[in-house]
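Notes follow once the structure below has been shown.
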Amino acid sequence: MMSRGFPSALSARSRRSFTLLWAALFVMSLGLQYGSLASPPAASANTTGNRLLGGFEIDGNLFPNMDPVGEDWTSLLTAPTIVDPIGNADTSTFTGGSKENDAPLSWT
């Protein structure tokens with residue numbers, strides 16, 4: 001009984017070779033996909049140093065402080081911001097005895 005698909009005009013040997021070729025290509029594509037997911041390239045936010053690009057400061061802070069001065073993130077903000085106190089004592093953490101089910105006023 002012959003297949004009715006595209007390779008029906010081919011001999012049985014040619015159809016088998018065609019199928020093996022496509023299976024091999026599929027397996028190789030899976031290998032390439034796995035390789036790209038297993039070892040992705042490193043992502044760095046500011047590899048070129050602090051620069052002024054198109055009038056916008058690429059320097060990792062909120063406020064304009066470069067020379068010449070350009071726009072920075074503060075010009076894009078529409079709500080109040082809180083600067084993260086990196087390196088300072090963080091007082092917004094819970095103590096070991098605070099529980100979710102306790103009344104919020106009892107939290108320390």
Side-chain angles (χ1 to χ4, degrees):
M1 179 171 204
M2 293 191 66
S3 169
R4 295 184 187 199
F6 161 70
S8 63
L10 303 174
S11 69
R13 184 175 182 177
S14 296
R15 283 194 305 265
R16 192 175 319 122
S17 297
F18 186 72
T19 303
L20 288 174
L21 173 69
W22 279 106
L25 287 173
F26 177 72
V27 169
M28 288 190 321
S29 72
L30 289 177
L32 289 172
Q33 292 173 34
Y34 175 76
S36 66
L37 291 175
S39 59
S44 299
N46 191 5
T47 58
T48 59
N50 298 340
R51 299 188 334 177
L52 192 65
L53 294 175
F56 191 82
E57 294 183 6
I58 306 296
D59 57 359
N61 64 13
L62 286 174
F63 306 101
N65 63 340
M66 294 179 69
D67 188 26
V69 174
E71 282 190 302
D72 218 334
W73 293 107
T74 52
S75 60
L76 302 175
L77 299 174
T78 58
T81 59
I82 299 171
V83 178
D84 189 14
I86 295 175
N88 298 326
D90 186 3
T91 59
S92 64
T93 58
F94 292 111
T95 62
S98 299
K99 304 287 186 249
E100 285 186 23
N101 294 335
D102 291 348
L105 294 176
S106 70
W107 293 348
T108 57

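Heavy atoms only: backbone and side chains are in, while hydrogens, waters and symmetry mates are out.
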Taking only residues two or more places apart in sequence, or in another chain, which ones meet Thr19 in a side-chain contact (heavy atoms from CB on, under 4.5 Å)?
->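 Once residues adjacent in sequence are excluded, Thr19 has no partner under the side-chain contact (heavy atoms from CB on, under 4.5 Å) criterion.
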How would you list, by chain and number, every residue that makes a side-chain contact (heavy atoms from CB on, under 4.5 Å) with Tyr34, sequence neighbours excluded?
->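 Ala38.
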List in chain and number order the residues that pass side-chain hydrogen bond (donor to acceptor under 3.5 Å, both in side chains) with Ser17, two or more places apart in sequence or in another chain; answer none if no residue qualifies.
->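 Result, side-chain hydrogen bond (donor to acceptor under 3.5 Å, both in side chains) vs Ser17: none returned.
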Output the distance between atom CG (Leu20) and atom CG (Leu25), rounded to the nearest 0.5 Å.
->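 Rounded to the nearest 0.5 Å, the CG-CG separation comes to 11.0 Å.
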Are any non-hydrogen side-chain atoms of Trp22 and Phe18 less than 4.5 angstrom apart?
->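 Yes, close enough: below the 4.5 Å cut-off.
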